[in-house]
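Worksheet: one structure, shown below.
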Amino acid sequence: MGKILKNGRVVLMLGGRFAGRKAVVLRQFDEGSSDRPYGHALVAGIDKYPRKVTKRMGKKKVTSRIRIRPFLKVASYSHLLPTRCTVDIDFEKSVINKETVKEPEKKKKAITLIKKEFQNRYKTGKNKWFFTKLRF
């Protein structure tokens, strides 16, 4: 049987603070590691989704409503639900890795990079399903 959780796979977060949010797998660790002896993945997702925009809204209001708040997290496979969708966003591997999650300054820099990539992708209109709030 092949791997399901690969880079770029869209997953739903099942547990914790970001439960019900969509995320993208950046790197997977099937065998685990010394600090986490279970299968886990580094994921980047959307904490606050962009809001609806209409033609009547001004430029200033539109820019504030399309803002996205992302998150970066290392999550266990048991807290991830894989979907059939994929997102082909290339993040810099040197900037975003497991060590950046541990250090606050590096994490903040990584989150700003993720935010920029997500907002560019949203503005171009690609992967619309990923940027819509999950209703349940």
Suppose the criterion is ring-ring contact (aromatic ring centres under 6.0 Å, His included): which pairs have a residue in [range], not counting sequence neighbours?
range	result
residues 44-69	none
residues 51-70	none
residues 52-79	F18-F71

Worksheet item: Any salt bridge (Lys or Arg N to Asp or Glu O under 4.0 Å) pairs touching residues 103-114, not counting sequence neighbours?
Response: E103-K106

Worksheet entry | Sequence neighbours excluded, every pair satisfying salt bridge (Lys or Arg N to Asp or Glu O under 4.0 Å) that has a member inside residues 27-50 | K3-D30, R21-D47, D35-K98, D35-K102, D47-R69

Discussion item. Closer than 3.5 angstrom, by distance alone: can the side chain of K123 be matched with the main-chain N or O of F118 as a donor-acceptor pair?
Written reply: no

Practice prompt. Please confirm whether the backbone N or O of V10 pairs with a side-chain atom of T83, one donor and one acceptor, at under 3.5 Å?
Written response: yes

Qualifying residues under side chain to side chain contact (heavy atoms under 4.5 Å, CB included), relative to [X], sequence neighbours excluded:
X	answer
T124	R121, K126
S78	S76
R51	R65

Worksheet item: If every non-hydrogen atom of L80 is compared with every non-hydrogen atom of A41, which pair is closest and at what distance?
Response: CD1-CB, 4.1 Å

Does any part of the side chain of [Y], heavy atoms only, come nearer than 4.5 Å to the side chain of [X], both counted from C-beta?
X	Y	value
V24	I89	no
L26	I96	yes
I111	P70	yes
K22	L134	yes
V101	K73	no
L72	T100	yes

Hydrophobic cluster membership, [X] vs [Y], 4.5 Å side-chain cutoff:
X	Y	answer
L113	V43	no
F130	L5	no
V25	W129	no

Fill in: Listed partners of F131 passing ring-ring contact (aromatic ring centres under 6.0 Å, His included), at least two apart
Y122

Fill in: Set of residues satisfying ring-ring contact (aromatic ring centres under 6.0 Å, His included) with respect to F29, sequence neighbours excluded
H40

Worksheet entry | With K133 via salt bridge (Lys or Arg N to Asp or Glu O under 4.0 Å) - residues at least two apart | none

Just list the side-chain donor-acceptor pairs under 3.5 Å for residues 55-63, sequence neighbours left out, or say none.
unit_1, atom_1, unit_2, atom_2, d
T63, OG1, K59, O, 3.3
T63, OG1, K60, O, 2.7

Worksheet, complete the sentence: When rounded to the nearest 0.5 Å, the distance separating CD1 of I68 from CD1 of I114 is 12.0 Å

